[in-house]
Amino acid sequence: MRQSYQCKNGQLIVEMPKEIDHHCAKELREDIDRMIEISHVRVLVFDFSQTEFMDSSGIGVLIGRCRNFGYSGGSVQAVHLNDRVKKIFMVSGLSKLIPIGTEQERAGGRVDGE
Amino acid sequence: MRQSYQCKNGQLIVEMPKEIDHHCAKELREDIDRMIEISHVRVLVFDFSQTEFMDSSGIGVLIGRCRNFGYSGGSVQAVHLNDRVKKIFMVSGLSKLIPIGTEQERAGGRVDGE
Amino acid sequence: MENRMRLEFDAVSVNESFARVAVSAFFAQLNPTVDEIEDVKTAVSEAVTNSIIHGYGEKEGTVVVTCTYHDKDSEVVVIDEGVGIADIEKSMEPFFTTKPELERSGMGFAFMEAFMDEVSVESEPLKGTKVTMKKRFGERKLEE
Amino acid sequence: MENRMRLEFDAVSVNESFARVAVSAFFAQLNPTVDEIEDVKTAVSEAVTNSIIHGYGEKEGTVVVTCTYHDKDSEVVVIDEGVGIADIEKSMEPFFTTKPELERSGMGFAFMEAFMDEVSVESEPLKGTKVTMKKRFGERKLEE
Ligand SMILES: Nc1ncnc2c1ncn2[C@@H]1O[C@H](COP(=O)(O)OP(=O)(O)O)[C@@H](O)[C@H]1O
Ligand SMILES: Nc1ncnc2c1ncn2[C@@H]1O[C@H](COP(=O)(O)OP(=O)(O)O)[C@@H](O)[C@H]1O
């Protein structure tokens, strides 16, 4: 299952998989890192519109990307979370590390929050 | 899971369950027989529009109803079969016993084929 | 690619649909067509239902379902320790049933044979019954 | 109402999602809310993933999952015969992980505890690990 990426206005939008677990974590991690490397973006956006399931393996992937990307001065966001993914963000405390895009930003197609 | 029944113009339309297997067969059988008894209809229509799964237990239920209902001079039909249920009708030979309503009859809402 | 799983559950009718879902979730790994997976679900439903109704006579018991695959070749085995079958050949004839009072159609084995590539039955009266079914899933393009 | 099932499968990551589906299909019999069933799926995913990654170190092995329920009280047990855990208390601390190189978050046990009512862990080094999780599903109206 290959991910879809979209790169515009200095933003890299990563479409996250339907199910984010240990099974897909390694490939997902490597794919995102490769895209970050080649696209020279300053804003990284995780798009969860396709995501129905995520467990703590997904948390690991997100924290890892945040850390790497943060070092290079970039900012990170998450958008289009369904209620379940939002719950996972809350319970894990990930919501403190990665701002969740608001309805308005989603509606306007703006996700970098600036 | 209770069945829905509709009775009009001498027709009894039985909405078949989502999954027709041995688990639901007994209740389904009893429900249909009770409805036939109280509604004095001459045409019995099995509506499969909700049905996604049927195994040979369902065949047993249908054959049994056909037999009982046929004795009393009534006629039987099946409508709104998806491809899977159609396959089950074909493989079992049930399609020779119970005529399958055509697209036209479905569109026109007429299912008694007369 | 190879994989295997073994499922054990109480012989109660509410588990028929559970067994179908579990088996189809397992073989979903082979990326089958909808029709292929529905064929397997139907065959599993027949064998599991038989163990519950005929093997255990709707009394207490345990049904075991094992699934394995090797590349595109799948195998499902359904086992009960119920009453067993005396005459296997006869029991496999279409329309043959020992429970007409339950409105059984006698089509269970016929369905297993229609929907799977191979079906074999081993059984011993009072020991139980083992139904082995094989199906080769068609080669399909990988989804992008 | 009571029921039980036992599921055994190879310790490979492709079976993580299979285990989730099988367990949720089983508890679907209790007519749970979507949120309840997702909680159980997440907890099962954590425990099964731990057996595969930590218990067996992504090498060969078998994971066993048993599910039972009695009315609205459900229990899930996940067992491996892997390396086991020396200090259970420490391993259950949030963010504690022995595999940071795999970018594990150390949130597995924390998730099990957050999403289930009760979690208990038994383990012996070189023998394996048994995680027992309980959850009571809310009383809901029967669907019409
Ligand atoms: N697991 C089993 N244990 C005992 N008897 C069985 C089992 N499976 C099948 N049989 C016997 O074989 C007969 C035919 O089975 P089948 O073709 O599935 O039709 P049906 O279930 O409608 O009777 C059954 O009526 C029963 O006598
Ligand atoms: N089944 C198991 N077998 C051996 N060790 C385990 C098992 N489950 C958990 N552990 C140990 O407990 C630690 C914490 O587990 P957990 O909270 O799930 O976080 P993570 O999986 O992210 O490391 C693991 O890093 C591991 O050392």
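Order of the sequence lines fixes the chain letters, A, B, ..., with proteins taken first and strands second; residue numbering starts at 1 for each chain.
- Ranking A/Gly93, A/Ser92, A/Cys24 against chain D, the residue ahead of the rest is A/Ser92, based on heavy-atom pairs under 4.5 Å.
- Both the backbone and the side chain of D/Asp35 come within contact range of chain A, with heavy atoms under 4.5 Å apart.
- Only the side chain of D/Ala114 comes within contact range of chain A, with heavy atoms under 4.5 Å apart.
- Heavy-atom pairs under 4.5 Å with chain D were tallied for A/Ser57, A/Ala25, A/Ser56; the largest tally goes to A/Ser56.
- Residue D/Gln29 qualifies as enclosed at atom CD: its count of foreign heavy atoms under 6.0 Å is above 12.
- Applying the 6.0 Å contact sphere to CD of D/Glu60 captures no more than 12 heavy atoms from other residues, nucleotides or ligands.
- Once rounded to the nearest 0.5 Å, the distance linking CD of D/Glu58 with NZ of A/Lys26 reads 9.0 Å.
- Residue contact with chain A, scored on non-hydrogen atoms closer than 4.5 Å, involves the backbone and the side chain of D/Thr42 alike.
- The minimum heavy-atom distance linking A/Gly60 with D/Ser105 is given by the pair N-CB, 3.8 Å.
- Of the atoms belonging to A/Ile88, heavy atoms from both backbone and side chain fall under 4.5 Å from chain D.
- Heavy-atom neighbours of A/Glu37 CD from other residues, nucleotides or ligands within 6.0 Å: at or below the threshold of 12.
- Neither the backbone nor the side chain of D/Glu113 comes within contact range of chain A; no heavy atoms are under 4.5 Å apart.
- For A/Arg29, the part lying near chain D is the side chain, with the backbone staying farther off; criterion is any non-hydrogen pair under 4.5 Å.
- Interatomic distance, OG of D/Ser45 versus CG of A/Asp55, reported as 3.5 Å (0.5 Å rounding).
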Would you check, one step at a time, whether the test side chain to side chain contact (heavy atoms under 4.5 Å, CB included) holds for D/Arg20 with A/Glu19? CA-CA 11 Å; D/Arg20 292 195 294 268; A/Glu19 311 218 311; 2.7 Å; yes
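- Checking D/Ser13 against A/His23 by side-chain atom types alone, a donor-acceptor pair falls below 3.5 Å.
- In terms of heavy-atom pairs under 4.5 angstrom with chain D, the leader among A/Ile63, A/Val61, A/Asp83, A/Asp21 is A/Asp21.
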Residue pair A/Arg84, D/Asp39: steps toward the salt bridge (charged side-chain N to carboxylate O under 4.0 Å, His left out) verdict: CA-CA 9 Å; A/Arg84 184 67 201 174; D/Asp39 285 353; 2.6 Å; yes
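- Note that NE2 of A/His22 is 4.0 Å distant from CD1 of D/Ile53, once rounded to the nearest 0.5 Å.
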